[in-house]
Undergrad: 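Here's a structure for you.
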Amino acid sequence: MSQSKPNFKCILIGDSGVGKSCLMMRFAEGTFSQEFVSTIGVDFTNRTMELDGERVKCQLWDTAGQERFRTLTTSYYRDAQGVVIVYDVSDRQSFDNVPSWKADVERHAGENVAMMILGNKADLGEHRAVTFAEGAKLAAEVG
């Protein structure tokens with residue numbers, strides 16, 4: 001296989017506690033931990049994958065969701081090819097903050113960045129505060 005494809009950088013953003021670090025750990029190691037440890041600044045991991053028959057290295061960056069780190073983490077948007085805005089389906093406020101996170105992406109990321117909205121913690125069905133339909137509607141509205 002050729003090594004000609006570039007590395008890909010994707011960042012995870014969203015409110016504190018929505019599960020960005022767990023998503024990163026699951027992506028990189030295939031594991032899950034219920035322990036909550038707040039990210040300070042940023043953390044990242046690499047994973048080599050096969051894409052269209054070629055090996056590529058994907059960097060996944062986990063950013064701190066607390067407001068006090070927001071100016072620091074926006075510098076990581078610039079060279080990202082992808083941004084995942086994560087909200088917690090059991091936390092209405094994290095969902096309501098998605099448009100603000102999207103505005104940050106529009107201000108700080110390149111114009112060709114791919115963006116995804118991800119409703120996390122769907123396994124907490126009995127505590128769900130955001131319906132699937134609401135999530136789908138927001139995703140359609142923000143493009």
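Quick caveat, the model's predicted, so the values are computed rather than measured.
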Undergrad: Step through the shown structure and confirm whether more than 12 heavy atoms of other residues, nucleotides or ligands are within 6.0 Å of CD on Glu111.
TA: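 No - once you tally the heavy atoms of other residues, nucleotides and ligands closer than 6.0 Å, there are 12 at most.
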
Undergrad: Would you check, one step at a time, whether the test side chain to side chain contact (heavy atoms under 4.5 Å, CB included) holds for Lys102 with Ile85?
TA: CA-CA 7 Å; Lys102 181 182 182 279; Ile85 303 173; 4.0 Å; yes

Undergrad: What's the separation between atom CG in Asn97 and atom OG in Ser16, rounded to the nearest 0.5 Å?
TA: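 Rounded to the nearest 0.5 Å, the CG-OG separation comes to 11.5 Å.
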
Undergrad: Test side chain to side chain contact (heavy atoms under 4.5 Å, CB included) on Ile117 and Tyr87 and set out the steps.
TA: CA-CA 8 Å; Ile117 298 173; Tyr87 69 91; 3.6 Å; yes

Undergrad: Rounded to the nearest 0.5 Å, how far apart are CE of Met24 and SG of Cys10?
TA: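 One finds 12.0 Å between CE of Met24 and SG of Cys10.
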
Undergrad: Please report the closest heavy-atom contact between Asp91 and Ala129, naming both atoms and the distance.
TA: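 Of all heavy-atom pairs spanning Asp91 and Ala129, the closest is N-CB, 4.2 Å.
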
Undergrad: Would you call Arg92-Glu134 a salt bridge at under 4.0 Å N-O?
TA: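 Glu134 and Arg92: salt-bridged.
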
Undergrad: Leu12 and Met49: same hydrophobic cluster, using ILVMFWY side-chain contacts below 4.5 Å?
TA: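 Result: yes, single cluster for both.
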
Undergrad: Given Leu23 and Leu118, is the side chain to side chain contact (heavy atoms under 4.5 Å, CB included) satisfied, shown in steps?
TA: CA-CA 10 Å; Leu23 288 168; Leu118 189 147; 3.9 Å; yes

Undergrad: So does Asp15 get a backbone contact from the side chain of Lys20, meaning a donor-acceptor N/O pair under 3.5 Å?
TA: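 At least one qualifying donor-acceptor pair exists.
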
Undergrad: For a 4.5 angstrom cut-off between non-hydrogen side-chain atoms, does Asp88 reach Asn120?
TA: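 They are not in contact (no side-chain heavy atoms under 4.5 Å apart), so the answer is no.
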
Undergrad: Please name the pair of heavy atoms, one in Gly19 and one in Lys121, separated by the smallest distance, quoted to 0.1 Å.
TA: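 Closest heavy-atom pair between Gly19 and Lys121: N-CE, 4.2 Å.
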
Undergrad: I'd like to know if the side chain of Lys9 and the backbone of Asp79 have a donor-acceptor N/O pair within less than 3.5 Å.
TA: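 Not confirmed, Lys9 side chain does not pair with Asp79 backbone.
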
